[in-house]
Amino acid sequence: MGTGAPPDSLGVLGSRFILAIDASFIPKSGKHTEGLGAFWNGSASRSETGLELSCLALISLTGQHAFPLDIRQTRPKQDRADRLEQYLEQLKDVFSRRLDGLSGQLRAVVADGQYAKKMFMDAVHSEQIAFVTKLQSNANLLYPFTGEHSKRRGARRKWGGKVDFKDWSGWQSVPGDAQERVWTRVVWAPHFARFLRVVVIERLDRKGQVKAHVVLCSTDTTMPAQEIRALYSARFQLEFVFRDAKQFGG
């Protein structure tokens, strides 16, 4: 399901970059290829035997150009290697070796839903950079309690209830395309132990009924909803890096 941003929303981004991270599957037969293992093939929506490469690339938000910084082969499970820990190690290496010249120009690290983990949010936050990603459609999110506290012993009430993705009371409406409704609010994410700026995009059918919704978020709670959407949309430029690598690298 696409999460493309309205064309004019890119104007809020200015002359900046995002750091996008993603992995791509490469089909491979045989039994003796180095690094051969079971990896997720997004095209087939299942795990298959082959190779995987993980790429970190800078993406210019003005020209939408992708500049690969670091590409590594993912080690398979039979090597007792956790793929998420490998991605995190790669990200930290790029932070330590490659980003000194981008001080003040890197707007966010952007990744899809498989990177929506606390360890990635914490690592990026430690660099004082926003992390933008996609959450599950039924993500566990809580409203901060804003009512009057009852006079009783014990700790004060902190949360006002769980987010219901069908009830938009207290949410801010954001302009979007004709076939969608967009909502935003700052909520608490217990799984990540932090507040997030959340953007929910409801996709509508021809009758105006909701057929699906997408949940995006940013660790920067001051980031505008349209910017979060535009940043997440910009990460798709990384697909051209994978396409060229496969075509020209064989």
Side-chain angles (χ1 to χ4, degrees), residues 1-13 18 20-25 40-48 59 61 64 66 108 110-117 121 130-144 159-192 195-240 242-243:
M1 183 186 313
T3 56
D8 61 348
S9 67
L10 293 177
V12 303
L13 299 176
I18 64 170
I21 181 171
D22 203 359
S24 183
F25 176 78
W40 181 256
N41 183 357
S43 298
S45 297
R46 63 173 182 264
S47 292
E48 294 184 352
I59 297 178
L61 296 172
Q64 296 283 292
V110 185
D112 68 12
Q114 74 167 328
Y115 299 88
K117 310 293 182 184
M121 290 191 180
F131 185 67
V132 174
T133 188
K134 181 180 178 181
L135 301 179
Q136 294 182 349
S137 60
N138 62 345
N140 180 31
L141 303 170
L142 301 176
Y143 296 118
W159 313 117
K162 185 176 179 179
V163 170
D164 180 354
F165 290 103
K166 294 182 180 179
D167 181 5
W168 304 111
S169 302
W171 288 68
Q172 178 185 353
S173 177
V174 179
D177 295 338
Q179 294 300 116
E180 64 185 21
R181 289 195 294 261
V182 185
W183 308 92
T184 186
R185 184 168 177 170
V186 175
V187 294
W188 176 259
H191 183 70
F192 308 117
F195 284 101
L196 299 173
R197 165 66 67 180
V198 170
V199 180
V200 180
I201 305 166
E202 291 186 308
R203 302 296 188 188
L204 309 179
D205 60 21
R206 294 182 179 180
K207 296 182 180 180
Q209 300 298 313
V210 178
K211 58 182 180 180
H213 69 270
V214 175
V215 184
L216 306 179
C217 73
S218 172
T219 55
D220 180 358
T221 58
T222 66
M223 185 178 288
Q226 287 186 316
E227 184 174 359
I228 294 172
R229 191 175 179 185
L231 291 173
Y232 192 80
S233 178
R235 64 167 285 277
F236 288 100
Q237 292 297 318
L238 194 53
E239 296 300 323
F240 294 109
F242 292 133
R243 181 200 64 184

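Just so you know, residue 1 is the first one in the sequence shown, and it goes up from there.
- To the nearest 0.5 Å, atoms NZ (K211) and CD (E180) are separated by 10.5 Å.
- The line from CG of L142 to CZ of F195 is 9.5 Å long, rounded to the nearest 0.5 Å.
- K134 places a side-chain heavy atom less than 4.5 Å from the side chain of V214.
- Classification of the F165-H213 ring pair by plane angle, with boundaries at 30° and 60°, yields parallel.
- At a threshold of 4.5 Å between non-hydrogen side-chain atoms, the residues K166 and V210 do not count as touching.
- In this structure, the side chains of E227 and V132 stay at 4.5 Å or more apart for every pair of heavy atoms.
- Rounded to the nearest 0.5 angstrom, I201 CD1 and Y232 OH are separated by 9.5 Å.
- The nearest pair of heavy atoms linking F192 to A116 is CE2-O, 3.3 Å.
- Summarising the geometry of V182 relative to P175, their closest heavy-atom pair is CG2-O, 4.5 Å, with the distance given to 0.1 Å.
- Side-chain atoms of T221 never come within 3.5 Å of backbone atoms of L196 as a donor-acceptor pair (strictly under, hydrogens ignored).
- Heavy atoms only, all atoms of each residue included: P190 and W188 are closest at CD-O, 3.4 Å.
- The minimum heavy-atom distance linking I18 with A234 is given by the pair CD1-CB, 4.0 Å.
- When every heavy atom of M121 is checked against every heavy atom of F131, the shortest pair comes out as CG-CD2, 3.6 Å.
- Counting heavy atoms from C-beta on, the side chains of D22 and Q114 come closer than 4.5 Å.
- Side-chain contact check for V174 versus V199: every heavy-atom pair is 4.5 Å or farther apart.
- Rounding to the nearest 0.5 angstrom, the gap separating the CG atom in L61 from the CG atom in L231 is 6.0 Å.
- For the pair D177 (side chain) and Q179 (backbone), a donor-acceptor distance under 3.5 Å is absent.
- Rounded to the nearest 0.5 angstrom, R235 CZ and I59 CD1 are separated by 8.0 Å.
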Under the side-chain contact (heavy atoms from CB on, under 4.5 Å) criterion, do C217 and I228 qualify, and how do the steps go?
-> CA-CA 7 Å; C217 73; I228 294 172; over 6 Å; no
Evaluate the criterion side-chain hydrogen bond (donor to acceptor under 3.5 Å, both in side chains) for residue pair R197 and T184; output intermediate values, then yes/no.
-> CA-CA 7 Å; R197 165 66 67 180; T184 186; 3.3 Å; yes
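- In this structure, the separation between CZ on R229 and OG on S218 is 15.5 Å, given to the nearest 0.5 Å.
- Side-chain atoms of D167 and S169 include a donor-acceptor pair closer than 3.5 Å.
- Closest non-hydrogen pair, L141 versus A189, comes out as CD2-CB, 3.8 Å.
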